[in-house]
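These notes concern the structure reproduced below.
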There are 2 protein chains.
Amino acid sequence: MWLRPERPARDRQLSRVAIVTAAVAVLDAEGTPGLSMRRVAAELAVTAGSLYWYVDGKDELLELAADQVTGEVDLPAAGSGDWRQALAQTARSQRAMLLRHPWAASVLSRVPNMGPNALRAADRTLATLAGAGFSPDLADAALTAVSNQVTGAVIAETAWRAVVTGPAATLADWQRDAAGYLAQVTERYPHVAARLTAPAPDMEAASEARFDLALDCLLDGLRARLGNRS
Amino acid sequence: MWLRPERPARDRQLSRVAIVTAAVAVLDAEGTPGLSMRRVAAELAVTAGSLYWYVDGKDELLELAADQVTGEVDLPAAGSGDWRQALAQTARSQRAMLLRHPWAASVLSRVPNMGPNALRAADRTLATLAGAGFSPDLADAALTAVSNQVTGAVIAETAWRAVVTGPAATLADWQRDAAGYLAQVTERYPHVAARLTAPAPDMEAASEARFDLALDCLLDGLRARLGNRS
DNA sequence: ACCTGAACACCGTTCAAGT
DNA sequence: ACCTGAACACCGTTCAAGT
(Lines give C-alpha, C1' and ligand atoms only; values in the text may rest on other atoms or scores of the structure.)
Protein backbone atom coordinates (compact mmCIF):
# COMPACT_ATOMS: atom_id res chain seq x y z
CA MET A 1 0.00 0.00 0.00
CA TRP A 2 2.95 2.32 0.44
CA LEU A 3 3.46 1.94 -3.25
CA ARG A 4 0.01 3.19 -4.07
CA PRO A 5 0.57 6.59 -5.67
CA GLU A 6 -1.21 9.52 -4.20
CA ARG A 7 -4.00 10.64 -6.41
CA PRO A 8 -3.29 13.94 -8.10
CA ALA A 9 -4.93 16.90 -6.45
CA ARG A 10 -6.84 17.52 -9.66
CA ASP A 11 -7.67 15.05 -12.35
CA ARG A 12 -6.86 17.69 -14.87
CA GLN A 13 -3.18 17.70 -15.76
CA LEU A 14 -3.32 20.25 -18.55
CA SER A 15 -4.50 23.78 -19.02
CA ARG A 16 -4.51 26.20 -21.87
CA VAL A 17 -1.94 28.48 -20.26
CA ALA A 18 0.36 25.56 -19.57
CA ILE A 19 0.18 24.55 -23.21
CA VAL A 20 0.74 28.08 -24.48
CA THR A 21 3.64 28.61 -22.10
CA ALA A 22 5.27 25.39 -23.25
CA ALA A 23 4.75 26.42 -26.85
CA VAL A 24 6.41 29.78 -26.22
CA ALA A 25 9.36 28.02 -24.63
CA VAL A 26 9.77 25.73 -27.62
CA LEU A 27 9.40 28.63 -30.05
CA ASP A 28 11.95 30.74 -28.23
CA ALA A 29 14.38 27.84 -28.14
CA GLU A 30 14.00 26.43 -31.62
CA GLY A 31 11.89 28.81 -33.68
CA THR A 32 8.84 28.14 -35.79
CA PRO A 33 10.20 25.02 -37.48
CA GLY A 34 10.83 23.48 -34.05
CA LEU A 35 7.23 23.74 -32.96
CA SER A 36 5.08 20.67 -33.32
CA MET A 37 2.09 19.46 -31.40
CA ARG A 38 4.01 16.33 -30.48
CA ARG A 39 6.92 18.38 -29.23
CA VAL A 40 4.74 20.56 -27.03
CA ALA A 41 2.93 17.50 -25.75
CA ALA A 42 6.22 15.84 -24.88
CA GLU A 43 7.26 18.96 -23.00
CA LEU A 44 4.18 18.46 -20.86
CA ALA A 45 4.60 14.68 -20.58
CA VAL A 46 1.37 14.13 -22.42
CA THR A 47 0.03 12.79 -25.70
CA ALA A 48 -0.31 15.00 -28.75
CA GLY A 49 -4.00 14.35 -29.14
CA SER A 50 -4.81 15.64 -25.68
CA LEU A 51 -3.79 19.16 -26.63
CA TYR A 52 -6.82 19.36 -28.87
CA TRP A 53 -9.03 19.33 -25.82
CA TYR A 54 -7.75 22.81 -24.94
CA VAL A 55 -6.69 24.24 -28.26
CA ASP A 56 -8.24 24.15 -31.69
CA GLY A 57 -5.07 23.31 -33.55
CA LYS A 58 -1.58 24.46 -34.31
CA ASP A 59 -2.63 27.74 -35.88
CA GLU A 60 -4.66 28.76 -32.87
CA LEU A 61 -1.81 27.74 -30.61
CA LEU A 62 0.49 30.06 -32.52
CA GLU A 63 -1.96 32.93 -32.17
CA LEU A 64 -2.26 32.32 -28.46
CA ALA A 65 1.49 32.24 -28.11
CA ALA A 66 1.80 35.49 -30.05
CA ASP A 67 -0.68 37.22 -27.80
CA GLN A 68 1.00 35.90 -24.71
CA VAL A 69 4.29 37.55 -25.63
CA THR A 70 2.52 40.76 -26.64
CA GLY A 71 1.69 40.96 -22.97
CA GLU A 72 5.35 41.73 -22.38
CA VAL A 73 5.08 45.10 -24.12
CA ASP A 74 5.37 48.05 -21.75
CA LEU A 75 2.43 50.39 -22.05
CA PRO A 76 2.75 53.96 -20.83
CA ALA A 77 0.37 54.89 -18.03
CA ALA A 78 -3.09 55.79 -19.23
CA GLY A 79 -3.14 59.58 -19.45
CA SER A 80 0.49 60.39 -18.85
CA GLY A 81 2.91 62.51 -20.82
CA ASP A 82 2.63 63.62 -24.37
CA TRP A 83 1.41 61.43 -27.19
CA ARG A 84 4.72 61.49 -28.96
CA GLN A 85 6.66 59.97 -26.12
CA ALA A 86 3.91 57.45 -25.43
CA LEU A 87 3.86 56.28 -29.02
CA ALA A 88 7.63 56.10 -29.24
CA GLN A 89 7.94 54.19 -26.01
CA THR A 90 5.32 51.65 -27.04
CA ALA A 91 6.95 51.21 -30.42
CA ARG A 92 10.39 50.67 -28.95
CA SER A 93 9.08 48.25 -26.37
CA GLN A 94 7.19 46.31 -29.00
CA ARG A 95 10.27 46.17 -31.17
CA ALA A 96 12.32 44.84 -28.28
CA MET A 97 9.70 42.21 -27.52
CA LEU A 98 9.58 41.02 -31.13
CA LEU A 99 13.36 40.82 -31.25
CA ARG A 100 13.20 38.59 -28.17
CA HIS A 101 10.56 36.38 -29.82
CA PRO A 102 11.30 36.57 -33.53
CA TRP A 103 8.77 33.87 -34.38
CA ALA A 104 5.97 36.17 -33.21
CA ALA A 105 6.56 38.58 -36.08
CA SER A 106 5.93 35.85 -38.61
CA VAL A 107 2.72 34.83 -36.89
CA LEU A 108 1.39 38.31 -37.57
CA SER A 109 1.74 37.76 -41.28
CA ARG A 110 -0.89 35.04 -41.17
CA VAL A 111 -3.41 36.42 -38.73
CA PRO A 112 -3.76 39.87 -37.21
CA ASN A 113 -3.27 39.81 -33.50
CA MET A 114 -6.69 40.32 -31.99
CA GLY A 115 -5.97 38.77 -28.64
CA PRO A 116 -6.64 40.65 -25.43
CA ASN A 117 -3.10 41.89 -24.97
CA ALA A 118 -2.93 43.31 -28.47
CA LEU A 119 -6.34 44.93 -28.14
CA ARG A 120 -5.41 46.46 -24.83
CA ALA A 121 -2.24 47.96 -26.26
CA ALA A 122 -4.03 49.32 -29.31
CA ASP A 123 -6.83 50.77 -27.23
CA ARG A 124 -4.41 52.46 -24.90
CA THR A 125 -2.55 54.22 -27.72
CA LEU A 126 -5.72 55.20 -29.54
CA ALA A 127 -7.00 56.73 -26.31
CA THR A 128 -3.80 58.68 -25.87
CA LEU A 129 -3.95 59.98 -29.41
CA ALA A 130 -7.60 60.93 -29.12
CA GLY A 131 -6.78 62.82 -25.97
CA ALA A 132 -4.07 64.69 -27.80
CA GLY A 133 -6.50 65.92 -30.40
CA PHE A 134 -6.06 63.33 -33.13
CA SER A 135 -9.12 62.69 -35.25
CA PRO A 136 -10.17 59.03 -35.32
CA ASP A 137 -8.81 58.66 -38.83
CA LEU A 138 -5.48 60.25 -38.06
CA ALA A 139 -5.12 58.27 -34.85
CA ASP A 140 -5.80 55.12 -36.82
CA ALA A 141 -3.25 56.09 -39.43
CA ALA A 142 -0.71 56.91 -36.76
CA LEU A 143 -1.09 53.61 -34.97
CA THR A 144 -0.95 51.71 -38.24
CA ALA A 145 2.09 53.55 -39.52
CA VAL A 146 4.11 53.08 -36.36
CA SER A 147 3.28 49.44 -35.75
CA ASN A 148 3.84 48.59 -39.40
CA GLN A 149 7.24 50.19 -39.14
CA VAL A 150 7.95 48.05 -36.09
CA THR A 151 6.97 44.74 -37.66
CA GLY A 152 8.71 45.55 -40.93
CA ALA A 153 11.91 46.48 -39.14
CA VAL A 154 11.85 43.39 -36.94
CA ILE A 155 11.19 41.10 -39.88
CA ALA A 156 14.09 42.50 -41.84
CA GLU A 157 16.37 42.37 -38.83
CA THR A 158 15.61 38.81 -37.78
CA ALA A 159 15.79 37.58 -41.36
CA TRP A 160 19.22 39.08 -41.64
CA ARG A 161 20.19 37.70 -38.27
CA ALA A 162 19.16 34.24 -39.43
CA VAL A 163 21.60 34.47 -42.31
CA VAL A 164 24.46 35.45 -40.08
CA THR A 165 23.61 32.97 -37.33
CA GLY A 166 23.05 30.10 -39.76
CA PRO A 167 26.07 28.10 -40.83
CA ALA A 168 28.25 31.10 -40.11
CA ALA A 169 28.60 32.27 -36.56
CA THR A 170 29.49 35.92 -37.09
CA LEU A 171 29.22 38.55 -39.77
CA ALA A 172 32.85 38.16 -40.68
CA ASP A 173 32.40 34.41 -41.06
CA TRP A 174 29.47 34.92 -43.35
CA GLN A 175 31.34 37.46 -45.42
CA ARG A 176 34.10 34.89 -45.85
CA ASP A 177 31.75 32.02 -46.70
CA ALA A 178 29.79 34.06 -49.20
CA ALA A 179 32.88 35.76 -50.60
CA GLY A 180 32.27 34.38 -54.07
CA TYR A 181 28.74 35.63 -54.28
CA LEU A 182 29.72 38.92 -52.70
CA ALA A 183 32.44 39.48 -55.28
CA GLN A 184 29.90 39.01 -58.03
CA VAL A 185 27.51 41.34 -56.23
CA THR A 186 30.18 43.97 -55.80
CA GLU A 187 30.83 43.99 -59.48
CA ARG A 188 27.24 44.23 -60.57
CA TYR A 189 25.61 46.14 -57.72
CA PRO A 190 28.24 48.44 -56.25
CA HIS A 191 25.99 50.45 -53.98
CA VAL A 192 24.33 47.54 -52.27
CA ALA A 193 27.66 45.76 -52.04
CA ALA A 194 28.97 48.59 -49.92
CA ARG A 195 26.24 47.78 -47.42
CA LEU A 196 27.04 44.10 -47.34
CA THR A 197 30.80 44.20 -47.16
CA ALA A 198 31.04 47.03 -44.66
CA PRO A 199 32.65 45.98 -41.40
CA ALA A 200 29.74 47.23 -39.25
CA PRO A 201 31.10 46.13 -35.90
CA ASP A 202 27.84 46.83 -34.08
CA MET A 203 25.02 45.79 -36.36
CA GLU A 204 22.48 45.82 -33.56
CA ALA A 205 23.21 49.41 -32.66
CA ALA A 206 23.16 50.44 -36.30
CA SER A 207 19.75 48.95 -36.94
CA GLU A 208 18.40 50.46 -33.76
CA ALA A 209 19.62 53.85 -34.94
CA ARG A 210 17.95 53.33 -38.30
CA PHE A 211 14.73 52.36 -36.55
CA ASP A 212 14.83 55.45 -34.36
CA LEU A 213 15.34 57.62 -37.40
CA ALA A 214 12.35 56.14 -39.19
CA LEU A 215 10.26 56.46 -36.06
CA ASP A 216 11.23 60.10 -35.67
CA CYS A 217 10.32 60.80 -39.26
CA LEU A 218 6.89 59.28 -38.75
CA LEU A 219 6.28 61.16 -35.52
CA ASP A 220 7.41 64.44 -37.06
CA GLY A 221 5.07 63.91 -39.96
CA LEU A 222 2.15 63.07 -37.70
CA ARG A 223 2.70 66.16 -35.61
CA ALA A 224 2.74 68.30 -38.74
CA ARG A 225 -0.53 66.76 -39.89
CA LEU A 226 -2.06 67.19 -36.47
CA GLY A 227 -1.93 70.95 -36.91
CA ASN A 228 -0.74 73.22 -34.16
CA ARG A 229 -3.31 72.23 -31.59
CA SER A 230 -0.80 70.47 -29.34
CA MET B 1 6.76 0.97 -85.57
CA TRP B 2 4.18 3.70 -85.92
CA LEU B 3 3.58 3.24 -82.27
CA ARG B 4 7.14 4.01 -81.36
CA PRO B 5 7.03 7.39 -79.63
CA GLU B 6 9.20 10.12 -80.95
CA ARG B 7 12.09 10.78 -78.69
CA PRO B 8 11.82 14.08 -76.87
CA ALA B 9 13.87 16.85 -78.35
CA ARG B 10 15.81 17.10 -75.11
CA ASP B 11 16.24 14.45 -72.49
CA ARG B 12 15.90 17.09 -69.86
CA GLN B 13 12.28 17.67 -68.92
CA LEU B 14 12.82 20.02 -66.04
CA SER B 15 14.56 23.29 -65.41
CA ARG B 16 14.97 25.55 -62.47
CA VAL B 17 12.81 28.29 -63.94
CA ALA B 18 10.05 25.81 -64.77
CA ILE B 19 10.07 24.62 -61.17
CA VAL B 20 10.06 28.13 -59.73
CA THR B 21 7.30 29.22 -62.08
CA ALA B 22 5.18 26.25 -61.09
CA ALA B 23 5.82 27.03 -57.43
CA VAL B 24 4.73 30.63 -57.89
CA ALA B 25 1.54 29.44 -59.56
CA VAL B 26 0.76 27.11 -56.67
CA LEU B 27 1.58 29.80 -54.10
CA ASP B 28 -0.60 32.36 -55.82
CA ALA B 29 -3.47 29.91 -56.03
CA GLU B 30 -3.32 28.30 -52.61
CA GLY B 31 -0.88 30.22 -50.48
CA THR B 32 2.03 28.98 -48.41
CA PRO B 33 0.19 26.04 -46.84
CA GLY B 34 -0.66 24.78 -50.33
CA LEU B 35 2.95 24.50 -51.42
CA SER B 36 4.58 21.12 -51.21
CA MET B 37 7.34 19.51 -53.20
CA ARG B 38 4.96 16.79 -54.25
CA ARG B 39 2.41 19.34 -55.42
CA VAL B 40 4.92 21.25 -57.53
CA ALA B 41 6.21 17.98 -58.94
CA ALA B 42 2.69 16.91 -59.87
CA GLU B 43 2.17 20.25 -61.61
CA LEU B 44 5.14 19.36 -63.79
CA ALA B 45 4.13 15.71 -64.23
CA VAL B 46 7.21 14.57 -62.43
CA THR B 47 8.30 12.88 -59.21
CA ALA B 48 8.99 14.87 -56.07
CA GLY B 49 12.51 13.63 -55.72
CA SER B 50 13.53 14.91 -59.11
CA LEU B 51 13.10 18.52 -58.01
CA TYR B 52 16.11 18.12 -55.78
CA TRP B 53 18.29 17.86 -58.83
CA TYR B 54 17.61 21.54 -59.57
CA VAL B 55 16.76 22.97 -56.17
CA ASP B 56 18.28 22.50 -52.76
CA GLY B 57 15.00 22.08 -50.92
CA LYS B 58 11.74 23.73 -50.09
CA ASP B 59 13.30 26.73 -48.37
CA GLU B 60 15.48 27.54 -51.33
CA LEU B 61 12.51 27.11 -53.64
CA LEU B 62 10.60 29.68 -51.62
CA GLU B 63 13.48 32.12 -51.85
CA LEU B 64 13.70 31.64 -55.58
CA ALA B 65 9.96 32.19 -55.91
CA ALA B 66 10.17 35.34 -53.84
CA ASP B 67 12.91 36.77 -55.99
CA GLN B 68 11.06 35.88 -59.16
CA VAL B 69 8.06 37.98 -58.13
CA THR B 70 10.31 40.83 -57.00
CA GLY B 71 11.19 41.04 -60.64
CA GLU B 72 7.69 42.42 -61.19
CA VAL B 73 8.50 45.62 -59.31
CA ASP B 74 8.69 48.68 -61.53
CA LEU B 75 11.96 50.51 -61.15
CA PRO B 76 12.23 54.13 -62.21
CA ALA B 77 14.72 54.79 -64.97
CA ALA B 78 18.27 55.11 -63.76
CA GLY B 79 18.95 58.82 -63.37
CA SER B 80 15.48 60.21 -63.91
CA GLY B 81 13.41 62.59 -61.83
CA ASP B 82 13.89 63.51 -58.21
CA TRP B 83 14.73 61.00 -55.53
CA ARG B 84 11.44 61.50 -53.73
CA GLN B 85 9.29 60.44 -56.63
CA ALA B 86 11.60 57.55 -57.46
CA LEU B 87 11.45 56.23 -53.91
CA ALA B 88 7.69 56.65 -53.68
CA GLN B 89 7.09 54.94 -56.99
CA THR B 90 9.29 51.99 -56.11
CA ALA B 91 7.59 51.65 -52.75
CA ARG B 92 4.11 51.72 -54.23
CA SER B 93 5.05 49.26 -56.91
CA GLN B 94 6.58 46.94 -54.37
CA ARG B 95 3.52 47.19 -52.20
CA ALA B 96 1.28 46.32 -55.15
CA MET B 97 3.45 43.35 -56.02
CA LEU B 98 3.37 42.00 -52.47
CA LEU B 99 -0.38 42.39 -52.36
CA ARG B 100 -0.58 40.31 -55.53
CA HIS B 101 1.67 37.64 -53.99
CA PRO B 102 0.96 37.77 -50.26
CA TRP B 103 3.02 34.67 -49.56
CA ALA B 104 6.15 36.55 -50.62
CA ALA B 105 5.95 38.88 -47.64
CA SER B 106 6.11 35.98 -45.23
CA VAL B 107 9.13 34.54 -47.01
CA LEU B 108 11.00 37.73 -46.18
CA SER B 109 10.54 37.06 -42.48
CA ARG B 110 12.71 33.98 -42.74
CA VAL B 111 15.42 35.04 -45.12
CA PRO B 112 16.34 38.46 -46.49
CA ASN B 113 15.88 38.64 -50.21
CA MET B 114 19.33 38.67 -51.71
CA GLY B 115 18.38 37.39 -55.11
CA PRO B 116 19.36 39.29 -58.26
CA ASN B 117 16.06 41.12 -58.64
CA ALA B 118 16.09 42.37 -55.07
CA LEU B 119 19.72 43.44 -55.34
CA ARG B 120 19.07 45.25 -58.58
CA ALA B 121 16.17 47.17 -57.07
CA ALA B 122 18.14 48.09 -53.96
CA ASP B 123 21.14 49.16 -55.98
CA ARG B 124 19.03 51.34 -58.23
CA THR B 125 17.47 53.23 -55.33
CA LEU B 126 20.76 53.60 -53.50
CA ALA B 127 22.27 55.04 -56.65
CA THR B 128 19.41 57.50 -56.99
CA LEU B 129 19.76 58.60 -53.39
CA ALA B 130 23.51 58.96 -53.65
CA GLY B 131 23.03 61.10 -56.72
CA ALA B 132 20.63 63.30 -54.78
CA GLY B 133 23.22 64.04 -52.13
CA PHE B 134 22.38 61.41 -49.54
CA SER B 135 25.28 60.21 -47.46
CA PRO B 136 25.74 56.43 -47.57
CA ASP B 137 24.33 56.12 -44.07
CA LEU B 138 21.29 58.25 -44.75
CA ALA B 139 20.62 56.51 -48.04
CA ASP B 140 20.79 53.20 -46.23
CA ALA B 141 18.41 54.44 -43.56
CA ALA B 142 16.04 55.79 -46.19
CA LEU B 143 15.89 52.54 -48.13
CA THR B 144 15.45 50.55 -44.95
CA ALA B 145 12.72 52.79 -43.56
CA VAL B 146 10.67 52.78 -46.73
CA SER B 147 10.92 49.10 -47.51
CA ASN B 148 10.21 48.19 -43.90
CA GLN B 149 7.09 50.30 -44.06
CA VAL B 150 6.08 48.45 -47.21
CA THR B 151 6.52 44.97 -45.80
CA GLY B 152 4.92 45.89 -42.49
CA ALA B 153 1.91 47.39 -44.22
CA VAL B 154 1.48 44.45 -46.55
CA ILE B 155 1.76 41.95 -43.72
CA ALA B 156 -0.90 43.70 -41.70
CA GLU B 157 -3.15 44.08 -44.70
CA THR B 158 -2.95 40.50 -45.91
CA ALA B 159 -3.36 39.16 -42.39
CA TRP B 160 -6.50 41.16 -42.03
CA ARG B 161 -7.66 40.10 -45.46
CA ALA B 162 -7.22 36.47 -44.45
CA VAL B 163 -9.59 36.98 -41.55
CA VAL B 164 -12.26 38.50 -43.72
CA THR B 165 -11.80 36.06 -46.58
CA GLY B 166 -11.70 33.03 -44.30
CA PRO B 167 -15.02 31.51 -43.29
CA ALA B 168 -16.71 34.84 -43.88
CA ALA B 169 -16.83 36.20 -47.39
CA THR B 170 -17.15 39.90 -46.69
CA LEU B 171 -16.45 42.36 -43.91
CA ALA B 172 -20.12 42.51 -42.97
CA ASP B 173 -20.27 38.71 -42.78
CA TRP B 174 -17.29 38.62 -40.48
CA GLN B 175 -18.74 41.35 -38.29
CA ARG B 176 -21.89 39.25 -37.97
CA ASP B 177 -20.04 36.01 -37.27
CA ALA B 178 -17.79 37.57 -34.67
CA ALA B 179 -20.55 39.68 -33.18
CA GLY B 180 -20.21 38.06 -29.78
CA TYR B 181 -16.52 38.71 -29.52
CA LEU B 182 -16.94 42.19 -30.93
CA ALA B 183 -19.53 43.08 -28.32
CA GLN B 184 -17.10 42.06 -25.62
CA VAL B 185 -14.36 44.04 -27.30
CA THR B 186 -16.56 47.10 -27.62
CA GLU B 187 -17.22 47.07 -23.92
CA ARG B 188 -13.65 46.68 -22.83
CA TYR B 189 -11.73 48.43 -25.61
CA PRO B 190 -13.94 51.19 -26.98
CA HIS B 191 -11.39 52.92 -29.17
CA VAL B 192 -10.22 49.86 -30.99
CA ALA B 193 -13.78 48.64 -31.31
CA ALA B 194 -14.63 51.74 -33.28
CA ARG B 195 -12.06 50.62 -35.83
CA LEU B 196 -13.44 47.12 -36.08
CA THR B 197 -17.16 47.84 -36.26
CA ALA B 198 -16.93 50.78 -38.63
CA PRO B 199 -18.66 50.16 -41.93
CA ALA B 200 -15.61 51.04 -44.05
CA PRO B 201 -17.08 50.28 -47.45
CA ASP B 202 -13.72 50.51 -49.22
CA MET B 203 -11.13 48.96 -46.99
CA GLU B 204 -8.61 48.69 -49.78
CA ALA B 205 -8.74 52.39 -50.52
CA ALA B 206 -8.54 53.24 -46.84
CA SER B 207 -5.42 51.19 -46.26
CA GLU B 208 -3.84 52.59 -49.38
CA ALA B 209 -4.49 56.09 -48.07
CA ARG B 210 -2.93 55.16 -44.75
CA PHE B 211 0.08 53.78 -46.55
CA ASP B 212 0.49 56.93 -48.60
CA LEU B 213 0.31 59.00 -45.45
CA ALA B 214 3.01 56.99 -43.74
CA LEU B 215 5.14 57.11 -46.86
CA ASP B 216 4.77 60.87 -47.08
CA CYS B 217 5.76 61.25 -43.45
CA LEU B 218 8.90 59.23 -44.06
CA LEU B 219 9.83 61.14 -47.19
CA ASP B 220 9.24 64.50 -45.50
CA GLY B 221 11.45 63.45 -42.64
CA LEU B 222 14.19 62.26 -44.95
CA ARG B 223 14.15 65.50 -46.89
CA ALA B 224 14.47 67.47 -43.68
CA ARG B 225 17.43 65.35 -42.62
CA LEU B 226 19.02 65.70 -46.00
CA GLY B 227 19.52 69.39 -45.42
CA ASN B 228 18.70 71.97 -48.05
CA ARG B 229 21.08 70.70 -50.67
CA SER B 230 18.34 69.49 -52.98
C1' DA C 1 22.97 13.35 -66.54
C1' DC C 2 18.50 13.09 -65.14
C1' DC C 3 14.47 10.94 -63.27
C1' DT C 4 11.75 7.06 -60.80
C1' DG C 5 10.18 4.50 -56.89
C1' DA C 6 10.40 3.38 -52.61
C1' DA C 7 11.64 4.24 -48.21
C1' DC C 8 12.53 6.97 -43.67
C1' DA C 9 11.27 9.92 -40.17
C1' DC C 10 8.31 13.06 -39.22
C1' DC C 11 4.06 15.85 -39.37
C1' DG C 12 -1.41 17.69 -37.95
C1' DT C 13 -5.59 15.89 -36.83
C1' DT C 14 -9.26 12.55 -35.58
C1' DC C 15 -11.44 9.41 -32.71
C1' DA C 16 -12.62 5.24 -30.48
C1' DA C 17 -11.55 3.51 -26.16
C1' DG C 18 -10.35 3.81 -21.57
C1' DT C 19 -10.62 6.00 -16.65
C1' DA D 1 -14.40 15.30 -18.32
C1' DC D 2 -10.06 14.38 -19.74
C1' DC D 3 -6.41 11.69 -21.70
C1' DT D 4 -4.33 7.54 -24.35
C1' DG D 5 -3.18 4.95 -28.39
C1' DA D 6 -3.57 4.06 -32.71
C1' DA D 7 -4.63 5.30 -37.05
C1' DC D 8 -5.04 8.35 -41.46
C1' DA D 9 -3.31 11.21 -44.83
C1' DC D 10 0.15 13.90 -45.62
C1' DC D 11 4.79 15.92 -45.39
C1' DG D 12 10.47 16.93 -46.75
C1' DT D 13 14.31 14.53 -47.97
C1' DT D 14 17.41 10.70 -49.39
C1' DC D 15 19.06 7.39 -52.43
C1' DA D 16 19.53 3.17 -54.82
C1' DA D 17 18.19 1.82 -59.21
C1' DG D 18 17.06 2.54 -63.77
C1' DT D 19 17.69 4.86 -68.58
Side-chain angles (χ1 to χ4, degrees), chain A residues 3-24 26-27 29-66 103 106-107 110-111 162 166-167, chain B residues 3-24 26-27 29-66 103 106-107 110-111 162 166-167:
Chain A
L3 295 178
R4 178 163 51 89
E6 191 182 35
R7 278 198 67 194
R10 298 251 174 290
D11 278 17
R12 152 189 296 252
Q13 330 175 9
L14 250 42
S15 72
R16 183 177 264 198
V17 292
I19 293 172
V20 174
T21 307
V24 169
V26 172
L27 285 164
E30 315 182 20
T32 315
L35 186 80
S36 73
M37 293 290 132
R38 287 171 159 91
R39 177 89 166 73
V40 173
E43 213 79 13
L44 298 164
V46 120
T47 277
S50 60
L51 302 181
Y52 289 82
W53 188 262
Y54 299 90
V55 156
D56 234 30
K58 192 185 184 182
D59 286 350
E60 183 180 298
L61 180 53
L62 276 168
E63 295 179 43
L64 291 168
W103 49 269
S106 60
V107 173
R110 301 204 318 229
V111 161
Chain B
L3 294 178
R4 181 163 50 90
E6 191 183 35
R7 279 197 68 192
R10 297 249 173 291
D11 278 18
R12 153 189 295 252
Q13 328 177 11
L14 251 43
S15 71
R16 182 178 264 196
V17 291
I19 293 173
V20 174
T21 305
V24 169
V26 172
L27 286 164
E30 316 182 19
T32 316
L35 186 81
S36 73
M37 292 293 132
R38 287 171 159 90
R39 178 89 166 73
V40 172
E43 213 77 15
L44 298 165
V46 121
T47 278
S50 61
L51 302 182
Y52 289 82
W53 188 262
Y54 298 91
V55 155
D56 233 30
K58 190 184 185 182
D59 286 350
E60 184 182 298
L61 180 52
L62 275 167
E63 295 178 44
L64 291 169
W103 50 268
S106 61
V107 173
R110 301 204 320 232
V111 160

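Reminder, nothing fancy here: chain letters follow the sequence lines and each chain counts from 1.
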*Considering all heavy atoms of both residues, which atom of V40(A) and which atom of A22(A) are nearest to each other, and what is their separation?*
CG1-CB, 4.1 Å
*Of all the heavy-atom pairs spanning L61(B) and I19(B), show the shortest one and how long it is.*
CD1-CG2, 3.8 Å
_Residue pairs fulfilling salt bridge (Lys or Arg N to Asp or Glu O under 4.0 Å) with at least one residue in residues 45-65 of chain A, sequence neighbours excluded_ = R16(A)-E60(A), D59(A)-R110(A)
*Selected nucleotide, minimal atom distance to R12(B) side chain, candidates dT13(D), dC3(D), dC2(C)*: dC2(C)
*Any side-chain heavy atom of V111(B) within less than 4.5 Å of one from L62(B)?*
no
*asked:* Strictly by side chain to side chain donor-acceptor pair (under 3.5 Å), give each pair with a member in residues 33-48 of chain A just once, sequence neighbours left out.
replied: E30(A)-R39(A), R39(A)-E43(A)
_Return the CH2 to CZ distance between W53(A) and R12(A), rounded to the nearest 0.5 Å._
9.5 Å
*In whole angstrom, give the distance that lies between atom CE of M37(B) and atom P of dC3(C).*
16 Å
*Spacing of I19(A) atom CD1 relative to dT13(C) atom P, expressed in whole Å*: 13 Å
_Distance, rounded to the nearest Å, where L14(A) contributes CG and dT19(C) contributes C1'_ = 16 Å
*Which heavy atom of A65(A) sits nearest a heavy atom of V24(A), and at what distance?*
CB-CG2, 3.8 Å
*NA contact type, L35(A), heavy-atom cut-off 4.0 Å: base, sugar-phosphate, or nothing?*
sugar-phosphate
_Least distance between heavy atoms, G34(B) atom then V26(B) atom_ = O-CG1, 3.6 Å
What are the atom names and distances for every N/O pair under 3.5 Å that joins the protein to nucleotides 5-8 of chain C?
unit_1, atom_1, unit_2, atom_2, d
dA7(C), N6, R38(B), NH2, 3.4

*Quickly work out the L44(B) CG to dC2(C) C1' distance and round it to whole Å.*
15 Å
_Strand-adjacent residues in residues 51-64 of chain B, judged by heavy atoms under 4.0 Å from DNA chain D_ = Y52(B), G57(B), K58(B)
_Strand DNA chain D as a dot-bracket string - pairs counted if Watson-Crick or G-U with both distances under 3.5 Å, | where the partner lies in another strand_ = ||.|||||...|||||.||
_Minimum side-chain heavy-atom gap V107(B)-T32(B) below 4.5 Å_ = no
